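Here's the structure, in structure tokens; my notes come after.
Within every chain, numbering begins at 1; the chains are lettered A, B, ... in the order of the sequence lines, protein sequences first and strands thereafter. Since this is a predicted model, take the numbers as computed values, not measurements.
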Protein chains: 2
Amino acid sequence: MTIHASGSCDQCSLKLLCLPVGLPDSELWQLDEIVQRRRPIAKGQLLFRMGAPFHSVYAVRTGSLKTVLLADDGTEQVTGFTFAGEMLGLDAINRSRHPVSAVALESTSLCEIPFDKLDLLAGHLPSFRQHVMRTMSREIASDESLLALLGQRNAEQRLSAFLLSLSMRFRARGLMADHFALSMSRADIANHLGLTQETISRLFTQFRKQGLIEIHTRDLTLLDLDSLHRIAGIRFEPLSRIA
Amino acid sequence: MTIHASGSCDQCSLKLLCLPVGLPDSELWQLDEIVQRRRPIAKGQLLFRMGAPFHSVYAVRTGSLKTVLLADDGTEQVTGFTFAGEMLGLDAINRSRHPVSAVALESTSLCEIPFDKLDLLAGHLPSFRQHVMRTMSREIASDESLLALLGQRNAEQRLSAFLLSLSMRFRARGLMADHFALSMSRADIANHLGLTQETISRLFTQFRKQGLIEIHTRDLTLLDLDSLHRIAGIRFEPLSRIA
DNA sequence: CGAATGTTTGATGTCCATCAAACGCCGTGG
DNA sequence: CCACGGCGTTTGATGGACATCAAACATTCG
């Protein structure tokens, strides 16, 4: 077994997020063997570009990214944000090309998993195969929730739902659920929610005046989760890419 | 090998759509063995209800369905439409519950594939495993396109993109790409596209006056695909769930 | 420090939702 | 066969939520 410079899956604090639970040690090394740790990419750097050939999927170790779909006429859609413990690139399997670009929102380190090796491992490790399928299934369901958000909810509902979704994802990773830094810009949030940055900005000040949040540029505190839930109007677990 | 009342996968005209290409006959019978043909469900009937436990995925043989996500406050989102040769239920793997309801838009017949058996087969048939992963990947990518549609495009862009997407899906199945029946109501289309039925109705008449389409209630003819593409503003292959 | 980028706030406009009503289609039963 | 009721569709009038345009302000980074 090769020793990797940046540690093994066994020791990774995120293994509960990005690995099947209960994968025995006797099998963990097989995954360890195929995972490549890459050196961090800087803020603003592309992990992969839309249209580029697909070779690997990625798991985020630290940092965060946005995924962006670029239309012919130049309009962009931020299709999602990816945080530590979450997977990236599963949408590229079908056409063997990435349908979106992935851009680091801050200095970000990743694990790269070559897809051919992932597939082989999925062939003879049922729990790993099921984990991969669950991960993809979750992403479909999560996109469906987001569709409902964009299709049926107004601006304040969208933003509160988005903030709550971030909160849940941070909590799932053992981080503070009611106080965290936004790694993305207002423009990114706005684009993702089908709104404009001005609207997001206005809503932030409105939420602050209502005592729902505290926010200083990118430093966000959720003060009243109940009210945010009431505004969002959904019992909620959408947008999340983690269990 | 069991003989099924409704024929085998081998004989199915849709096998190019819902099976991996090049699956040798020597392996096809294994899939045939686990596929259950169900008697057709009537228009308006539920195939499964949101929240119901997940056991199987489905392939549509004839007819069509809509998938609907119901929020706590009663608002609904039509997350998609499913036609012959397409799969249904893959979003339920993660939580072992269906995150959406599936409703037949017309009399519809399906093949049911118990998930535990599908998983086993995926374990020892690489081409089948890859086909399943590609199918899920395609659904993610397609949802991302739809997000871009809802997030960035106006009403006439959404509708023309939707019509073109239907056209492509029909063509993929060997049906006429420029003349077909809409199995869903104006309200379903509107909801799916994040608009109202009045807006859809107005756009249909507008498109008709512009000579882009001909439409009599549900009977649609696309007269000017180029203009529709120009309006949609996308080179296009979104929304599609088929290759 | 200064330029570039991101954020806030205000004034105005518009696309589409909402409300309302008539019309057409289609299946049911007299 | 036609009358009827229900549902889906069309069309019009009005309004509102959010985009757009514009400018000041804050933050980041070379």
Considering only [options], which nucleotide approaches the side chain of [X] most closely?
{"X": "A/Leu195", "options": "D/dC18, D/dG12, C/dT9", "value": "D/dC18"}
{"X": "A/Glu198", "options": "C/dT9, D/dA19, D/dT10", "value": "C/dT9"}
{"X": "B/Arg186", "options": "D/dT9, C/dT7, D/dG12", "value": "D/dT9"}
{"X": "B/Asn154", "options": "D/dT20, C/dC16, D/dT27", "value": "C/dC16"}
{"X": "A/Lys43", "options": "C/dA11, D/dC29, D/dG8", "value": "D/dC29"}
{"X": "A/Ser201", "options": "D/dT11, D/dC29, C/dT8", "value": "C/dT8"}

What is the separation between atom [atom1] on [X] and atom [atom2] on [N], rounded to the nearest whole Å?
{"X": "B/Arg158", "N": "C/dC16", "atom1": "CZ", "atom2": "P", "result": "7 Å"}
{"X": "B/Leu150", "N": "C/dC15", "atom1": "CG", "atom2": "C1'", "result": "16 Å"}
{"X": "B/Arg202", "N": "C/dT18", "atom1": "CZ", "atom2": "P", "result": "12 Å"}
{"X": "B/Arg153", "N": "D/dA19", "atom1": "CZ", "atom2": "C1'", "result": "16 Å"}
{"X": "B/Asp219", "N": "C/dG24", "atom1": "CG", "atom2": "P", "result": "18 Å"}
{"X": "A/Phe204", "N": "C/dT8", "atom1": "CZ", "atom2": "C1'", "result": "12 Å"}
{"X": "B/Asp188", "N": "D/dC7", "atom1": "CG", "atom2": "C1'", "result": "13 Å"}
{"X": "B/Gln206", "N": "D/dT10", "atom1": "CD", "atom2": "P", "result": "13 Å"}

When you check the phosphate oxygens OP1 and OP2 of [N], does a side-chain N or O of [X] lie under 4.0 Å from one of them?
{"X": "A/Thr205", "N": "C/dT9", "value": "yes"}
{"X": "A/Thr199", "N": "D/dA19", "value": "yes"}
{"X": "B/Thr196", "N": "C/dA17", "value": "yes"}

With sugar-phosphate meaning primed atoms plus P, OP1 and OP2, does A/Gly44 contact a base, only sugar-phosphate, or nothing at under 4.0 Å between heavy atoms? nothing
Select base, sugar-phosphate, or nothing to describe what B/Arg218 touches, counting heavy atoms under 4.0 Å on all strands. sugar-phosphate
With the side chain counted from C-beta on, respond yes when B/Val78 and B/Met184 share a heavy-atom pair under 4.5 Å apart, and no when they do not. no
Side chains of B/Arg169 and B/Glu86: closer than 4.5 Å at any heavy-atom pair? yes
I'd like to know if the side chain of A/Thr108 and the backbone of A/Ser64 have a donor-acceptor N/O pair within less than 3.5 Å. yes
List the steps, then state whether salt bridge (Lys or Arg N to Asp or Glu O under 4.0 Å) holds for B/Asp73 with A/Arg153. CA-CA 11 Å; B/Asp73 63 358; A/Arg153 327 298 277 182; 3.0 Å; yes
Side-chain donor-acceptor pair under 3.5 Å between B/His179 and B/Asp219, yes or no? yes
